[in-house]
Amino acid sequence: MSRKLFLFLQVVLVAALALSACGPAATPTPTPVPPTATPVPPTATPVPPTATPTPSPTPTPQPIVLTDGLGNEITLPKPAQRIVALAPSITESLFAIGAGKQVVARDDNSKYPPEAAALPSVGALWNSLPLEAIVAQQPDLVVVAAITSPDDVKKMQDAGLTVFWQANPKNFDDLYKNLNDLAKLTGHEKEAAKLIAQLQERVQAVKDALADVQDEPLVFYELDATDPSKPWTSGPGTFVSRTIQLAKGRNVGDVLDKPWAQISTEELVKSNPDMILLADAPYGVTPEAVAARAGWDKIKAVQDGKVYPFDPNLLSVPGPRLVEGLETLAVMLHPDVFCAQPLVNHLEQNLVGAVCKP
Amino acid sequence: MKTRWGRAFWLSAGLLVLAIGLSVTVGAVPVPLPVLARLLWAGLSGRAVPASLPAYYHTIVFDLRLPHTVLMLLTGAALGSSGAAYQGVFRNPLADPYLLGIASGAGLGAVLMLAIHRPAGWGGVLALPVAAFVGAVLTVALVYALAQVEGRLPTTTLILAGVAIGSLASALTSFLMLESEGTLQRAITYLMGGAPLSGWQPVLAMLPYWLVGQAGLLLSGHALNVLQFGEEQAQHLGLNARRAKALILAAASLTTAVAVAFAGIIGFIGLVVPHVVRLLWGEDYRREVPLSLLGGATALLLADLLARTLLAPRVLPVGIVTALFGAPFFLWVLRRARPTAT
């Protein structure tokens with residue numbers, strides 16, 4: 001080997017070593033505070049386990065300590081100011097409690113309210129976690145829902161982020177707890193309390209109006225019928241199922257054994273629902289198309305013309321709009337009770353308009 | 001000789017009737033046999049259904065199960081007879097109806113139709129099978145065109161062209177599936193043979209093409225026998241070999257294309273059934289094609305039955321069941337064939 005080449009290689013080697021020393025600063029341990037750690041007393045200086053640089057305020061505020069749905073204990077020195085929300089329910093809830101200004105980025109699917117849609121998106125979650133885009137936002141808190149796996153949560157924690165995981169609510173009380181947790185993390189406890197009180201009032205109003213109602217129509221909630229011989233529906237234990245029951249109805253899917261399952265058309269024909277709600281209406285399914293399916297034209301709901309489009313976001317996004325979902329269901333299942341009531345006016349008119357003819 | 005063929009037909013027909021009966025009896029909702037018998041009798045004799053019977057039984061049997069059974073019957077028959085024809089034309093026991101890229105072409109057509117965001121209801125429920133059918137037919141036409149050598153249609157060139165175009169179509173299909181996240185599930189079930197359409201409409205749509213294709217195949221028995229001697233010999237025996245091959249393949253391709261379009265891509269029926277027929281009753285294509293027709297229908301009906309009952313209430317794609325049973329059988333055939341090298 002020539003002397004020049006050898007010298008060149010030496011220079012390259014030294015340069016490589018030098019550059020590797022200028023790598024990114026070693027991130028402090030990203031592991032969350034172990035559950036055995038005692039909560040910091042209010043007057044002591046807060047111990048920040050978060051890696052992202054938060055400007056340390058001179059008067060030491062009370063740190064926020066909360067345990068998330070995965071059992072991780074999250075500690076924030078002060079209410080989060082740069083939040084990345086990775087689920088439509090999280091985004092909606094944050095805006096609903098007045099913390100919209102503290103959200104800096106969202107995921108692709110979070111499009112409600114319109115102010116949220118204006119925020120930058122870090123990408124879609126269906127393929128793989130867009131970690132780089134999330135880190136680039138320099139969040140002090142990432143809030144995720146059940147759609148994000150514990151593996152992905154670990155990935156984010158390893159990258160030095162503080163992650164708060166919320167389980168999907170199974171009932172309204174779970175929803176209120178989730179809203180409360182978000183309120184504590186963002187410092188909007190008062191507004192959340194007001195919101196929760198309003199939601200509870202609305203739920204109670206529906207229950208009161210239905211107190212004397214006796215008939216419970218059988219409802220088929222269609223999620224996806226691309227294969228019309230085996231449509232997908234919500235099974236027992238899902239929010240859809242519980243809300244239908246709360247609205248004094250019966251869910252066809254309750255005979256199945258999984259929360260999200262297919263039902264054969266044979267079983268559907270046998271159960272003969274009184275009403276079919278098309279949660280796949282946004283994908284172009286119409287009541288006329290349903291009537292054209294083999295065997296479906298004999299179902300009572302089709303023969304009575306009680307096949308209605310529905311907005312799946314009202315019952316599938318586990319946020320404050322679930323209460324609107326309950327109200328809409330109540331109107332559609334019992335138009336004689338609810339069409340005259342004022343609550344009809346703030347519901348989606350293209351849905352309730354189908355049952356409440358003037 | 002005559003009685004042997006007679007026995008073969010009666011046996012095959014009997015098995016088929018049994019399979020049809022089982023297929024109509026089994027389903028998600030148990031229909032008691034007496035009820036089934038009364039319904040079928042009422043349907044056949046034109047009498048009214050007894051009012052005491054719950055209405056849903058009628059809907060289930062006549063609007064759901066019967067059309068599904070007929071669809072599987074037609075599909076299996078199509079795959080069986082065209083499998084026999086392909087094996088005859090290519091004189092190769094490994095040939096199956098998908099040799100010339102029909103499956104890949106149908107898959108591409110189907111996924112293309114699923115991937116484009118067309119207005120809802122456009123083309124209705126038949127849009128998918130029509131697209132699959134067009135894809136299959138175009139692919140085979142392309143393969144024919146590419147395989148022409150000096151006015152002749154050499155077998156090797158046909159196979160090579162089929163493999164090449166088939167691979168291209170598969171690659172495009174995979175790409176389309178990756179790009180359209182939402183339609184992935186439906187496309188996958190189609191490619192596994194798990195997306196049969198329901199109701200009488202698809203059966204009626206399929207019937208004309210099926211009849212034309214099957215007629216062509218059933219009449220090709222003698223020509224296939226002559227082709228077994230080799231193309232040159234066949235020519236000397238007075239058969240226009242090139243034209244016969246083209247026509248037989250056209251009929252077989254048409255039949256397969258229409259089968260695949262409406263039921264998804266179901267493998268191994270076209271490969272295994274002709275083998276079984278040959279093992280049992282020898283290699284006379286005048287009998288092998290119709291017996292494979294009956295055998296294919298029976299085999300697919302039984303596979304469909306298994307698909308519906310193995311993991312009840314879940315329904316497996318039929319293509320998975322045929323592969324599960326067909327592949328070991330195929331391996332066994334291979335082992336048997338090895339000592340007697342062709």
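Naming convention: chains lettered A, B, ... in sequence-line order (proteins, then strands); numbering from 1 in each chain. Values below: every heavy atom of this structure, side chains too, minus hydrogens, waters and symmetry copies.
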* To do: Sequence neighbours left out, what passes side-chain contact (heavy atoms from CB on, under 4.5 Å) with A:Asp274? Give chain and number order.
  => A:Pro217, A:Leu218, A:Arg250, A:Lys300
Is it true that, when you exclude [X] itself, more than 12 heavy atoms of the residues, nucleotides or ligands shown sit nearer than 6.0 Å to its [atom1]?
X	atom1	value
A:Lys298	NZ	yes
B:Tyr209	OH	no
A:Lys306	NZ	no

To the nearest 0.5 angstrom, please state how far the [atom1] atom of [X] sits from the [atom2] atom of [Y].
X	Y	atom1	atom2	answer
B:Arg308	A:Ser264	CZ	OG	10.5 Å
A:Asp297	B:Asp63	CG	CG	6.0 Å
B:Leu64	A:Leu268	CG	CG	9.5 Å

* Is a donor on one side and an acceptor on the other found under 3.5 Å between the side chain of A:Glu266 and the backbone of B:Ile60? -> no
* To do: State, to 0.1 Å, how close A:Ala294 and B:Gly199 come at their nearest heavy-atom pair, and which atoms those are.
  => CB-CA, 3.2 Å
* **Pairing residues for A:Phe310 by the ring pair (Phe, Tyr, Trp, His ring centres under 6.0 Å) criterion, not counting sequence neighbours** => A:Tyr221
